[in-house]
Q: 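Take this structure, written in structure tokens, and hold onto it; I'll ask about it next.
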Amino acid sequence: LTQSDDFNPSDYGVQLTRRARGLPFWFSLSTHGTKAYEEALDHTMDIAKYAAELVKQNQNLELILEPTLSIVSFKRKGWKIEEYQLWCAELLNSGTAFITPSAHDGEPILRLAIVNPWTQKNDIDLILSKL
């Protein structure tokens with residue numbers, strides 16, 4: 001307890017405490033070290049840059065922004081929201097990828113969020129080949 005007269009019920013009962021949300025991250029960081037996290041982040045950003053280059057090379061696709069982290073925003077020229085939804089559903093149903101349509105300036109787009117360090121270039125090749 002602090003020296004003040006403020007009452008805080010969490011000081012009196014374990015059942016009122018919050019779970020330690022940072023603990024899983026701390027355990028992982030403690031086990032694998034900061035170098036592993038650095039390598040994982042670098043890898044996902046490299047994969048995002050690779051995906052952006054593939055988008056730029058495809059005449060049917062248009063890159064919205066150059067990726068600064070691991071998000072690649074792009075659109076399929078001429079597609080309406082229904083076509084984006086169908087393509088995303090097909091990828092999900094086949095177990096290929098989980099991608100949902102997004103929007104930019106009121107237009108439907110696609111957004112790859114590459115957060116898994118196990119994502120490889122051939123995964124991106126497969127996803128984009130289905131467009």
Q: I would like to know whether Glu53 and Lys56 meet salt bridge (Lys or Arg N to Asp or Glu O under 4.0 Å); could you show each step before the answer?
A: CA-CA 5 Å; Glu53 287 304 315; Lys56 287 192 275 187; 2.9 Å; yes
Q: Short question: side chain of Asn58, backbone of Leu54 - any donor-acceptor pair under 3.5 Å?
A: no
Q: So which of Leu41, Ile114, Asp46 actually passes side chain to side chain contact (heavy atoms under 4.5 Å, CB included) with Ser70?
A: Ile114
Q: Could you pull out the closest heavy-atom pair between Ile109 and Phe74, with the gap in Å?
A: CB-O, 3.3 Å
Q: Atom NZ of Lys77 and atom CD of Glu62: how far apart are they, to the nearest 0.5 Å?
A: 6.0 Å
Q: Rounded to the nearest 0.5 Å, what separates atom CD1 in Ile71 from atom CE in Met45?
A: 11.5 Å
Q: Just do the side chain to side chain contact (heavy atoms under 4.5 Å, CB included) check on Lys75 and Leu61 with the steps written out, would you?
A: CA-CA 6 Å; Lys75 65 181 177 178; Leu61 304 177; over 6 Å; no
Q: Would the distance check show the side chain of Glu39 and the main-chain N or O of Ala36 forming a donor-acceptor pair, the cut-off being under 3.5 Å?
A: no
Q: Quick check for you: to the nearest 0.5 Å, what is the distance between Asn116 atom CG and Thr44 atom OG1?
A: 9.5 Å
Q: Determine, step by step, whether Val72 and Tyr50 satisfy the side chain to side chain contact (heavy atoms under 4.5 Å, CB included) criterion, reporting the C-alpha distance in whole Å, the side-chain angles of both residues, the deciding distance to 0.1 Å, and the verdict.
A: CA-CA 10 Å; Val72 182; Tyr50 174 78; over 6 Å; no
Q: For Leu126, is there any backbone N or O sitting under 3.5 Å from a side-chain donor or acceptor partner on Ser129?
A: yes
Q: Can you confirm whether Pro101 sits close enough to Cys88 that some side-chain heavy atom of one is under 4.5 Å from a side-chain heavy atom of the other?
A: yes
Q: Rounded to the nearest 0.5 Å, what separates atom CG in Leu110 from atom NE2 in His104?
A: 13.5 Å
Q: Nearest 0.5 Å, please: how far is CG in Leu112 from CD1 in Ile99?
A: 5.0 Å
Q: Taking it one step at a time, do Glu90 and Lys130 satisfy salt bridge (Lys or Arg N to Asp or Glu O under 4.0 Å)?
A: CA-CA 9 Å; Glu90 288 173 0; Lys130 298 193 178 282; over 6 Å; no
Q: To the closest 0.5 Å, what do you measure between CZ (Arg111) and OG1 (Thr100)?
A: 6.0 Å
Q: Given side chains that start at C-beta, do those of His43 and Gln120 come closer than 4.5 Å, heavy atoms only?
A: yes
Q: Does one hydrophobic cluster hold both Ile64 and Tyr84, with members joined at side-chain heavy-atom distances below 4.5 Å?
A: no
Q: Would you mind reporting whether Trp118 and Asp123 have side-chain heavy atoms less than 4.5 Å apart?
A: no
